[in-house]
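Inspection log for the structure reproduced underneath, given as structure tokens.
Atoms within each ligand, like the ligands themselves, are counted from 1 in listed order.
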Amino acid sequence: MTPIVLDRPGAVKLAALPPLALYVHIPWCVRKCPYCDFNSHERSGALPEKEYIERLMLDIEASLPSVWGRRLTSVFIGGGTPSLFSPESIDALLSGIRALLVLEPDAEVTLEANPGTVEAARFRGFREAGVNRISIGVQSFDERMLAALGRIHSSAEASRAIEAALSSFDNVNIDLMYALPGQSAAMARADLEQALAFGVPHVSAYQLTIEPNTVFWSRPPGLPEHDLAADMQLAVEDLLGAAGYEHYETSAFARPGRRCRHNLNYWQFGDYLGIGAGAHGKLSFPDRVTRHARAKQPGEYMKPDARVEESVVAARELPFEFMLNALRLVEGFAPALFAGRTGMPITVIERELEAAEGKGLLARDWKRIRPTERGRRFLNELLQSFL
Ligand code: SF4
């Protein structure tokens with residue numbers, strides 16, 4: 001007799017689990033920047049590095065049943081300012097991770113660093129601890145812009161940090177921002193040219209946006225007009241393209257072979273375990289996709305009984321969640337990736353795809369679905385199509 005299989009309405013069935021990454025959040029900074037809406041907290045006094053790492057290990061141990069038997073393709077230590085932690089602490093953290101979880105032999109291990117908190121010896125220590133990629137929050141080389149952004153570092157310190165990073169790492173990213181208070185198109189170009197002069201293999205260029213719960217939200221600075229900001233974006237794309245960088249995601253540019261694998265996994269709707277104060281994660285199981293979030297306040301997170309909020313993503317929300325990530329990719333995605341990550345055939349969004357195509361926001365053939373140039377420019381409008 002053939003058994004009758006009854007599906008739960010809206011249940012998910014994944015043929016295989018996606019790649020798994022690990023995100024570790026270090027929530028402290030020297031000072032809170034006025035535009036920052038990340039979970040970052042101004043440090044007061046010495047950081048509880050040892051206690052925090054012990055807590056992170058307990059966090060991983062408690063998560064093991066959810067990721068049993070899976071290997072990590074990448075680790076990203078982000079913040080906040082993780083470079084405030086000593087190389088010894090980062091070594092203890094990565095040793096602990098390796099003792100509890102299995103890393104792919106070529107796993108990408110990134111650490112975020114801010115100028116003003118790092119020098120050559122510190123970078124060497126991070127390298128010896130097992131970090132193989134550094135992401136530096138430069139934002140600008142212009143002293144006026146750095147002051148307007150409330151950054152703790154000078155242009156010279158940014159340059160020194162990049163040179164020091166490049167003396168220990170060949171895989172380095174620089175974060176830059178444009179459309180800053182009082183910035184002209186020429187100033188934005190000059191910033192980028194200065195960044196390119198270092199020959200770093202990866203640049204992330206973000207337009208400054210004013211986010212709720214920031215100082216800039218309550219006291220907005222004068223920002224460049226919309227058209228000027230759009231011109232700056234085009235100039236950024238042109239300059240990086242001419243210098244041989246591939247524009248592969250809304251804000252990300254890489255030399256061939258240097259795309260950030262950790263972030264690509266997010267954009268391809270892969271899985272990630274998020275540990276640390278305020279960290280978020282996404283984990284798939286054969287019959288469901290879940291999200292989890294840790295307590296935001298470091299003090300709360302470090303309590304032994306701190307709660308982890310977990311929820312199952314409703315099947316009907318998966319197509320939008322997938323698109324929210326995958327449409328950031330300049331080359332888009334293969335239809336099979338949609339099926340693999342959501343457990344649904346691409347035909348479930350046929351009507352929406354057609355509508356977006358009709359508006360010139362999306363292009364597709366049998367191999368790939370990708371945003372058009374217009375779709376990238378009006379990404380929010382494109383995403384609305386799948387809400
Ligand atoms: S250094 Fe980065 S994480 Fe810290 S407050 Fe500034 S923008 Fe936020």
Note to self: Could you go through Val330 and Arg370, starting from their C-alpha distance and side-chain angles, then the distance that decides it, and tell me whether this counts as side chain to side chain contact (heavy atoms under 4.5 Å, CB included)?
What the structure shows: CA-CA 7 Å; Val330 174; Arg370 62 178 180 283; over 6 Å; no
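- In this structure, His25 and Tyr23 have tilted ring planes: the angle between them lies in the 30° to 60° band.
- The closest approach between any non-hydrogen atom of Arg151 and ligand 1 is below 4.0 Å.
- A side chain to side chain contact (heavy atoms under 4.5 Å, CB included) with Val131 is found for one member of Asp91, Val75, Leu94, Thr110 and no other, namely Leu94.
- The shortest contact between atom 8 (Fe) of ligand 1 and any protein heavy atom is with Cys36 SG, 2.3 Å.
- Protein heavy atom in closest approach to atom 4 (Fe) of ligand 1: Cys29 SG, 2.3 Å.
- Between Arg70 and the options Leu17, Leu273, Val102, a side chain to side chain contact (heavy atoms under 4.5 Å, CB included) holds for only Leu17.
- Applying the side chain to side chain contact (heavy atoms under 4.5 Å, CB included) test between Leu208 and each of Pro181, Ser140, Pro224 identifies Pro181 as the sole match.
- The closest protein non-hydrogen atom to atom 7 (S) of ligand 1 is Tyr35 OH, 3.4 Å.
- No option in Phe253, Tyr248, Phe169 other than Tyr248 meets the ring pair (Phe, Tyr, Trp, His ring centres under 6.0 Å) test with His202.
- Here the heavy atom of the protein found nearest to atom 5 (S) of ligand 1 is Cys33 N, 3.3 Å.
- Not a single heavy atom of Gly137 sits less than 4.0 Å from an atom of ligand 1.
- Within ligand 1, counting atoms from 1 as listed, the ones closer than 4.0 Å to a heavy atom of Arg31 are 5 (S).
- Scanning the protein for heavy atoms near atom 1 (S) of ligand 1, the closest one is Asn114 ND2, 3.3 Å.
- Taking every non-hydrogen atom of Gly80 and a distance limit under 4.0 Å, the qualifying atoms of ligand 1 come out as 3 (S).
- Both Ile346 and Val289 belong to a single network of hydrophobic side chains, linked directly or stepwise wherever heavy atoms of I, L, V, M, F, W or Y lie under 4.5 Å apart.
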